[in-house]
Protein chains: 2
Amino acid sequence: MRIERLSAKAEDYLETILRLSETPRGARTGDIAAALDVQPSTVSAALKSLKEQGLAEYTPYGAVGLTPKGRQVAEDIAGRHVSLRRFFTETLGLSQEEAELAACGMEHDATPLVLDRMGLLGDFLRQNPALLGQWHAARATAKGERAPGVESGLDELPPGVRAVVVGIDVDSGLRKRLVEMGVTPGVLIAVERVAPLGDPIAVEVRGYRLSMRKAEAARIRVKWRPGLI
Amino acid sequence: MRIERLSAKAEDYLETILRLSETPRGARTGDIAAALDVQPSTVSAALKSLKEQGLAEYTPYGAVGLTPKGRQVAEDIAGRHVSLRRFFTETLGLSQEEAELAACGMEHDATPLVLDRMGLLGDFLRQNPALLGQWHAARATAKGERAPGVESGLDELPPGVRAVVVGIDVDSGLRKRLVEMGVTPGVLIAVERVAPLGDPIAVEVRGYRLSMRKAEAARIRVKWRPGLI
DNA sequence: TCGAAATGTTTGAGGACCCAAACAATAGCA
DNA sequence: TGCTATTGTTTGGGTCCTCAAACATTTCGA
Ligand SMILES: [Mn+2]
Ligand SMILES: [Mn+2]
Ligand SMILES: [Mn+2]
Ligand SMILES: [Mn+2]
């Protein structure tokens, strides 16, 4: 039984409830409405429907939660969402915003095998840093977006690709702080990973790992070094 | 104007009408219904709606066609569909059936940039046959699907990956015909491309190009040769 | 040519979403 | 402890998509 697939909308409601119910505020009708860009009255109706299907439990005016069955579906969708977003950002080199949008739309139709292979392809490329750099350089030049070796902000450097620091576009205390952390012109630098919302960014310099805001990373000019370790 | 995006269903109707209207039969209500797995009455309603939106033109009981505007949308969707399917089959190595299904579901939410980068990534891998072979070997072994160098049917060999013919599983006239075409044990063989429906398959042997049915290709046992030209 | 068979449309109805407006409950403040 | 602002629900109404059944048209064989 339960061969019936849930609608994309129902899946989005469950995914949102799961995410919000993990916050101290819990999942409130108004917050769900804001997250999904619908009116609170629409959420009320959706909650009633999810409750009837045995996916959500809540008492009117009270807290919203998921049943074990609902949680299972929600976690599956959330997993698809992050798999796709990771592929779009880390492998395809898209922005967090674009990746987020496309992932939340495509997550409902991506089959397990598709997600699996995307993950494997990302692993395959990352496993060889030189290769990863070649790929990102190739795709960056393909559409005239950015010539290889040309400068960009550190915030635009894809995770795993190495670059050389060219300069720091700021003359405030930030510059001093960065220099103290070893971010000086000529040094090799790489982005390790970017938080889901694009902030903060984990950076590696001189064997050290440091965390910085996206806005700060944007002030660090770098030159891509595809092919380097 | 027309910032309004069409619904996924409307896009599917347009895509189907475009495809069918290119056949000698033309786009008939019943054929559209069969293609989209809905009742003819549902198609009638959909056609009326598309007509009101200036996307389709038809006279009751007559032929269905697309307006220039409708054709534009339909061609866009059809393009997304083939881009995704191509990525799923040629780059991710999925079956035609799986790719078709996932592509037609995800095409409605894939952004232009996502499609673009997927295409570039496929080009990047194909441009270096050794690399393509490494990737397909890696993903084939990753899930214990198939060990590298182990035999499979030619029908399961991803396009662009080279292999060596090990034997032919048949003792009919087919064997003779294949041998005449140069398909003998020990020879290098590769799949050039697979038709959208999985049949026929274009194969390259000894510098010649030949076409065979998927069922025939399945009888040819090959051993993958990742890394070869 | 002239029915039947095949094909297509209309009608009536229901489910899934969505909203605005009216209504109800809760939370927070005096 | 009230009283009000905030939050949540209900109600009534739409759109989109779907189907079954009744009806209309076209096609095709006798
Ligand atoms: Mn979603
Ligand atoms: Mn999502
Ligand atoms: Mn589709
Ligand atoms: Mn499609």
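First the proteins, then the strands, lettered A, B, ... as listed; each starts at 1. The figures here come from the full heavy-atom set of this structure, side chains too, leaving out hydrogens, waters and symmetry mates.
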Salt bridge A:R19-A:E15, side-chain N to carboxylate O under 4.0 Å
no
Look at all strands and tell whether B:S7 reaches a base, only sugar-phosphate, or nothing, counting heavy atoms closer than 4.0 Å.
sugar-phosphate
Of the residues in residues 30-45 of chain A, which ones touch DNA chain D at a heavy-atom distance under 4.0 Å?
A:G30, A:P40, A:S41, A:S44
NZ of A:K176 to CD1 of A:I168: how many Å apart, nearest 0.5 Å?
13.5 Å
Hey, are B:T111 and A:E98 close enough side-chain-wise for a donor-acceptor pair under 3.5 Å?
yes
Any side-chain heavy-atom pair from A:R213 and A:I201 closer than 4.5 angstrom?
no
Atom CG of B:L47 and atom P of C:dT7: how far apart are they, to the nearest Å?
17 Å
To the nearest 0.5 Å, what is the distance between OH (B:Y58) and CG (B:L47)?
5.0 Å
Could you check which residues of residues 59-67 of chain A get a heavy atom under 4.0 Å from DNA chain C? Sort them by number, please.
A:Y61
Can you find a heavy atom in the side chain of A:E100 that is under 4.5 Å from one in the side chain of A:F88?
no
From A:K69 NZ over to A:Q53 CD, what is the distance, rounded to the nearest 0.5 angstrom?
8.0 Å
Reading DNA chain D from 5' to 3', where do the contacts with chain A start and stop? Cut-off is 4.0 Å to heavy atoms.
D:dT7 to D:dT10
Is there a donor-acceptor contact under 3.5 Å linking the side chains of B:H108 and B:D12?
yes
Looking at C:dG8, I'd like to know if its phosphate oxygens (OP1 or OP2) sit under 4.0 Å from a side-chain N or O belonging to B:R28.
yes
Please confirm whether the backbone N or O of A:D169 pairs with a side-chain atom of A:R219, one donor and one acceptor, at under 3.5 Å?
yes
Report the distance from atom NZ of A:K48 to atom P of C:dC18, rounded to the nearest whole Å.
15 Å
Rounded to the Å, how far apart are A:L50 CG and C:dA16 P?
11 Å
Is B:R28 reaching over with its side chain to a backbone N or O of B:A63, donor-acceptor style, under 3.5 angstrom?
no
To the nearest Å, give me how far apart CG (B:L20) and P (C:dT7) are.
15 Å
Taking the basic N atoms (NZ, or NE/NH1/NH2) and the acidic carboxylate oxygens, is any pair closer than 4.0 Å for B:E216 and B:R177?
yes
Toward the 5' end of DNA chain D, which comes first, A:T29 or B:A8, by nearest nucleotide?
A:T29
